[in-house]
Amino acid sequence: PMRLLLVLLCLASPLGGQSTRPRLEGRVPAASIPAVDSLVTLATAEGLPTEPLIQKAIEGGAKHVSAQRIVGAVAIEIEQLRQAQALLVRAGDAPPVTALEVTSVASALKRGIASPMVERIVAALPDQPRGPAFHALADLLVHRFNPDSSVALIIAAVGQGVRGPRLLDVSGAAIQELQRGRTHAEALARVRARL
């Protein structure tokens with residue numbers, strides 16, 4: 001199935017719009033350029049952000065990855081962006097959702113934030129950038145805080161008017177409490193009390 005996809009993508013002509021070829025030439029294997037260009041054009045048609053796709057291809061080129069693997073990685077990336085876009089719409093964002101939000105959600109999902117947690121953050125922060133909230137939540141999860149309690153802490157902080165990069169201070173404070181010897185539950189409780 002993957003080989004068929006690659007053949008079809010290589011044969012596909014761009015659907016219109018500006019080609020990404022100039023940005024890719026000399027940076028990725030020449031054999032991957034038509035397929036990557038077609039995927040970027042498809043993403044544009046679907047209202048998906050294209051920069052993550054271009055960066056994924058360039059990253060593969062920098063690592064001297066084969067053309068087939070670069071195209072495969074870009075195809076996986078576009079699917080992750082589709083899932084992020086669908087999740088935002090399901091969570092209540094009116095289409096078209098912004099490229100920044102789609103990229104932010106895709107990144108959050110890659111960092112291990114489950115879909116229901118993403119939906120709770122989206123609902124708590126309507127009409128606002130959620131990247132910092134996802135980043136703060138991911139930091140808490142990396143330090144093995146309880147997922148539901150972590151989301152509750154971030155949402156409580158939002159309820160107290162904490163926004164943007166200041167949400168990273170909330171997760172940072174919980175992590176510092178943990179490093180001072182508190183249990184996960186105690187750390188979250190102390191930070192929540194200080195909100």
Side-chain angles (χ1 to χ4, degrees), residues 1-115 117-119 121-122 125 127-139 141-142 164-165 167-168:
M2 186 62 171
R3 181 162 280 151
L4 177 62
L5 171 71
L6 295 175
V7 169
L8 290 174
L9 287 171
C10 287
L11 294 175
S13 60
L15 302 170
Q18 188 166 350
S19 171
T20 56
R21 288 172 190 257
R23 289 188 61 194
L24 299 175
E25 286 171 357
R27 299 174 89 179
V28 300
S32 68
I33 293 176
V36 171
D37 194 45
S38 292
L39 283 169
V40 169
T41 303
L42 180 63
T44 301
E46 292 182 25
L48 294 170
T50 57
E51 193 58 28
L53 305 176
I54 296 165
Q55 291 306 316
K56 180 63 76 176
I58 291 171
E59 177 186 329
K63 293 178 180 175
H64 306 290
V65 173
S66 72
Q68 184 176 357
R69 285 187 53 209
I70 288 173
V71 174
V74 173
I76 290 168
E77 186 79 17
I78 198 171
E79 188 53 39
Q80 291 170 336
L81 293 170
R82 279 186 188 122
Q83 290 170 3
Q85 182 184 55
L87 179 56
L88 280 164
V89 172
R90 253 195 341 266
D93 274 12
V97 293
T98 68
L100 180 63
E101 288 302 307
V102 171
T103 304
S104 179
V105 168
S107 177
L109 293 170
K110 285 179 192 173
R111 289 190 71 190
I113 299 176
S115 297
M117 298 162 79
V118 171
E119 291 177 14
I121 296 290
V122 169
L125 286 163
D127 308 321
Q128 293 182 43
R130 295 144 185 146
F134 293 137
H135 190 78
L137 182 56
D139 287 348
L141 296 178
V142 164
L167 288 167
L168 298 174

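Note that the numbering runs from 1 along the sequence shown for the chain.
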Using modelled atom types only, decide if a donor and an acceptor are shared between the side chain of Ser38 and the backbone of Pro34 within a distance under 3.5 Å.
yes
Among all residues two or more places apart in sequence or in another chain, which pass the side-chain hydrogen bond (donor to acceptor under 3.5 Å, both in side chains) test with Gln83?
none
First locate atom OG of Ser32, then atom CZ of Arg69, and finally report the distance between them rounded to the nearest 0.5 Å.
12.5 Å
Roughly how far, to the nearest 0.5 Å, is CG of Asp37 from OG1 of Thr50?
10.5 Å
Tightest non-hydrogen contact, residues Ser66 and Pro29, listed as C-CG, 4.4 Å
Excluding sequence neighbours, so at least two apart, what forms salt bridge (charged side-chain N to carboxylate O under 4.0 Å, His left out) with Arg27?
none
Taking atom CG of Leu87 and atom CD of Gln80, what is their separation to the nearest 0.5 Å?
13.0 Å
With a 3.5 Å cut-off and sequence neighbours excluded, list the donor-acceptor pairs that the side chains of residues 53-62 form with protein atoms.
residue	atom	partner	partner atom	Å
Gln55	NE2	Glu51	OE2	2.6
Glu59	OE2	Lys63	NZ	3.2

Closest approach of Ala43 to Pro49 (non-hydrogen atoms, all atoms of both residues)
CB-O, 4.3 Å
Could you tell me which non-hydrogen atom of Pro52 sits nearest to which non-hydrogen atom of Thr103, and how far apart they are?
CG-OG1, 3.8 Å
Side-chain donor/acceptor pairs under 3.5 Å, residues 89-99, sequence neighbours excluded:
residue	atom	partner	partner atom	Å
Asp93	OD1	Arg130	NH2	2.9
Asp93	OD2	Arg130	NH1	2.8
Thr98	OG1	Glu101	N	3.1

Side chain to side chain contact (heavy atoms under 4.5 Å, CB included) between Leu167 and Phe134: does it pass, once the steps are laid out?
CA-CA 9 Å; Leu167 288 167; Phe134 293 137; over 6 Å; no
Using the side-chain contact (heavy atoms from CB on, under 4.5 Å) criterion, which residues pair with Ala106? Sequence neighbours excluded.
Leu81, Ala84
How long is the straight-line distance from CD1 of Ile78 back to CG of Leu42, given to the nearest 0.5 Å?
4.5 Å
With sequence neighbours left out, what residues match Ala30 under side-chain contact (heavy atoms from CB on, under 4.5 Å)?
none
To the nearest 0.5 angstrom, please state how far the CD atom of Glu77 sits from the CG atom of Leu48.
10.5 Å
Ser19 OG to Leu24 CG distance, which is reported to the nearest 0.5 Å:
7.5 Å
Passing candidate, side chain to side chain contact (heavy atoms under 4.5 Å, CB included) with Thr20, options Val40, Thr44, Leu39
Val40
For salt bridge (Lys or Arg N to Asp or Glu O under 4.0 Å), just list the numbers for Asp139 and Arg111, CA-CA rounded to whole Å, side-chain angles, deciding distance to a tenth of an Å, and then say yes or no.
CA-CA 9 Å; Asp139 287 348; Arg111 289 190 71 190; 3.0 Å; yes
